[in-house]
Amino acid sequence: MRHPLPKAELHLHIEGTLEPELAFALAERNGIDLPYAGPDELRAAYAFTDLQSFLDLYYQLTAVLLTEQDFADLADAYLARAAEQGVRHAEIFFDPQAHTARGVDIGTVIRGLSGALEHSRERYGLSTGLILSFLRDLPAEDALKTLADAGPYLDRISAVGLDSAEVGHPPAKFAEVYAAARDAGLRLVAHAGEEGPPEYITEALDVLGVERIDHGIRCLEDPALVTRLAAEQIPLTVCPFSNVRLRCVDRLEDHPLPQMLAAGLLVTVNSDDPSYFGGYVEDNFQGLHRALGLTDSQLERLARNSFLASFVDDARRGELLAELDAAAAAPGVSAS
Ligand code: ADE
Ligand code: ZN
C-alpha cells in the first residue's frame with residue numbers, strides 16, 4: 001500500500017471514535033456495565049437503518065466517559081489513528097450536552113479533550129481545533145446555556161457546530177445562539193442536508209451565517225443551490241462511509257461525490273464517526289478510489305480542498321499545502 005496523502009479532517013465527532021475495545025476498557029475502569037458481552041458483540045450491533053438508529057447507540061455508549069482522563073484517552077487514541085491516516089490537521093466536534101445531561105461537568109469534557117490536543121503537534125505533528133456542537137433535537141435554550149457554561153474555556157474552542165437528529169429541527173431554531181457564538185469570536189459550521197432537505201442548507205447559510213456545511217449532499221436536489229454553493233465556494237464536509245452506513249446513499253458505488261466535484265463544489269472527505277462506520281479518513285479516500293474510480297488527481301483535489309476549507313491561519317495553511325505539493329510530486333505517495 002502506498003503512503004496516504006497529507007490531509008485535514010474537518011468533520012469528525014470525537015465520541016464517534018470510541019472503539020469497542022476502548023469502550024469496554026473505560027467501562028471497566030469506571031465500574032459501568034455495558035449491555036453487551038464484549039467488543040465483538042457490540043460491533044455486531046453496528047447495523048443502522050437511519051441516523052436516529054445510530055444516534056441511539058452513540059449516545060448510549062457515551063455512558064463510559066466520565067473523567068478528564070477518559071476524554072483525554074479518547075482524543076489521544078483518535079490522534080494516533082489519524083496520524084497514521086495522513087491527517088495533518090483535525091477540527092474535532094464534541095457534543096457537550098451528551099455529557100452534561102449525564103451529570104458530567106462541561107469543564108471535565110473540555111479540559112480532558114484539550115489536554116490531549118495540546119500535545120498533538122509535538123506527538124503526532126498534527127495541528128487541531130475543537131468544535132463545540134449543539135444537539136439540535138434539544139431546545140435552543142439548552143444550547144444557549146451550553147455556550148454560557150463553556151465561557152471560561154472559549155480560548156480552547158475554535159468554532160460551534162450543530163448536529164444530532166436533523167429532520168424537524170431546522171437551523172433557524174438556533175439563530176440566537178449562533179449570533180452569540182459569532183459575537184464571542186467563534187467560527188460557525190452546521191450539519192445540514194444529510195437527512196434534512198436542501199432548504200436547511202440555505203437556512204444554515206442565510207440565517208446562521210455558517211462558513212461550512214457539514215454533509216450537504218442533499219444540495220444536489222436543488223440545482224440553484226448547487227450553483228450558489230459552487231459560486232461562493234462554500235466548503236462541504238462530505239462523509240462517504242457515513243452516508244452509506246446511515247442509508248443516505250445505497251452503496252459507495254452510488255455516492256454522488258464525483259458529481260459534486262464535477263459541479264465545481266468545494267468538497268472535502270471525512271470520516272464522521274469512524275468507529276461506527278467502517279473506517280477512518282484514509283479508508284474513505286481508498287474506498288472512493290476502489291468503488292468510484294476516483295483518480296490520483298481527484299484525490300489530491302480533495303486533500304487540497306481540506307486545507308483550503310480549514311480554519312488554520314495563513315502560515316499553517318501554506319505549510320500544509322506545501323507538504324501536499326511535495327507528497328503529490330513524490331512517486332508512490334497516493335491515496336490509492
Ligand atoms: N452526531 C454524530 N454523528 C452525526 C451525524 N452523522 N449526523 C448528525 N449528528 C451526528
Ligand atoms: Zn457529523
Side-chain angles (χ1 to χ4, degrees), residues 1-5 7-25 34 36-62 64 74-75 77-87 90 92-93 95 163-164 166 191 194-195 214-217 236-258 260 267-294 298-299 302-303 306 334-336:
M1 196 174 76
R2 294 194 277 171
H3 295 293
L5 285 169
K7 59 181 86 65
E9 176 143 66
L10 306 177
H11 185 158
L12 178 283
H13 302 266
I14 200 65
E15 294 87 352
T17 69
L18 180 62
E19 292 286 344
E21 289 73 16
L22 183 57
F24 273 88
L34 286 175
Y36 302 90
D40 291 341
E41 192 179 300
L42 174 53
R43 225 174 232 113
Y46 291 1
F48 309 116
T49 50
D50 57 12
L51 175 57
Q52 189 60 55
S53 67
F54 154 69
L55 290 171
D56 292 343
L57 184 58
Y58 168 93
Y59 292 130
Q60 183 189 26
L61 288 186
T62 59
V64 304
L74 178 69
Y78 163 69
L79 293 167
R81 297 287 289 261
E84 286 168 9
Q85 300 250 327
V87 175
I92 299 172
F93 288 114
D95 287 331
D163 64 7
S164 201
E166 185 181 8
H191 285 49
E194 178 187 22
E195 281 190 347
D214 297 308
H215 292 294
I217 57 171
L236 305 177
T237 63
V238 175
C239 306
F241 281 16
S242 165
N243 296 149
V244 174
R245 290 296 181 100
L246 299 187
R247 311 275 188 90
C248 299
V249 172
D250 285 341
R251 305 173 312 152
L252 199 53
E253 287 77 2
D254 304 317
H255 198 281
L257 193 121
M260 299 175 89
V267 185
T268 70
V269 165
N270 308 269
S271 66
D272 206 6
D273 300 284
S275 162
Y276 295 88
F277 298 152
Y280 286 73
V281 64
E282 173 65 12
D283 305 318
N284 275 262
F285 271 64
Q286 291 187 16
L288 291 170
H289 172 70
R290 270 197 310 275
L292 286 158
L294 256 64
Q298 285 174 309
L299 296 168
L302 292 168
S306 72
S334 160
S336 55

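Note that this is a predicted model, so its numbers are computed, not measured. Residue numbers start at 1 and run along the sequence shown.
The side chain to side chain donor-acceptor pair (under 3.5 Å) search around Ser271 returns Glu9, not counting sequence neighbours. In this view, Asp50 satisfies the salt bridge (charged side-chain N to carboxylate O under 4.0 Å, His left out) rule with no residue, not counting sequence neighbours. Take Thr268 and apply the side chain to side chain donor-acceptor pair (under 3.5 Å) test, not counting sequence neighbours, and it matches Asn270. Applying the salt bridge (charged side-chain N to carboxylate O under 4.0 Å, His left out) rule to Glu84 yields no partners; only residues at least two apart in sequence or on another chain are considered. Under the rule for a side-chain contact (heavy atoms from CB on, under 4.5 Å), the partners of Ala80 that lie at least two apart in sequence or sit in another chain are Tyr124. A search for ring-ring contact (aromatic ring centres under 6.0 Å, His included) contacts involving Phe24 returns nothing, not counting sequence neighbours. Applying the ring-ring contact (aromatic ring centres under 6.0 Å, His included) rule to Phe241 yields no partners; only residues at least two apart in sequence or on another chain are considered. Residues satisfying the side-chain contact (heavy atoms from CB on, under 4.5 Å) test with Asn243, not counting sequence neighbours, are His215, Ile217, Val238, Cys248, Val249, His255. Every residue two or more places apart in sequence or in another chain that forms a salt bridge (charged side-chain N to carboxylate O under 4.0 Å, His left out) with Arg81 is listed here: Glu19. Partners of Ala82 according to the side-chain contact (heavy atoms from CB on, under 4.5 Å) rule, which considers only residues two or more places apart in sequence or in another chain, are Tyr78, Val87, Leu126. For the side chain to side chain donor-acceptor pair (under 3.5 Å) test, residues two or more places apart in sequence or in another chain that qualify with Thr237 are His11, Asp214. By the side chain to side chain donor-acceptor pair (under 3.5 Å) test, Asp56 is found to be paired with Gln52, residues two or more places apart in sequence or in another chain being considered.
For the residue pair Asn284 and Cys239, the shortest heavy atom distance occurs at OD1-C, 4.4 Å.
Without hydrogens or angle criteria, Gln85 side chain to Pro4 main chain gives no donor-acceptor distance under 3.5 Å. In this structure a side-chain-to-backbone donor-acceptor pair under 3.5 Å is present from Glu166 to Glu195. Under a 3.5 Å cut-off, the side chain of Ser275 and the backbone N or O of Thr17 do not form any donor-acceptor pair.
Using a 4.5 Å heavy-atom threshold, the side chains of Asp272 and Phe277 count as touching. Two residues are said to be in side-chain contact when any heavy atoms from C-beta on lie closer than 4.5 Å; Thr49 and Leu246 fail this criterion. By the 4.5 Å heavy-atom criterion applied to side chains, Pro274 and Val281 are not counted as neighbours.
Judged purely by distance below 3.5 Å, without hydrogens or angles, the side chains of Tyr276 and Ser242 never pair a donor atom with an acceptor atom. A side-chain N or O of Asp95 and one of Tyr58 form a donor-acceptor pair less than 3.5 Å apart.
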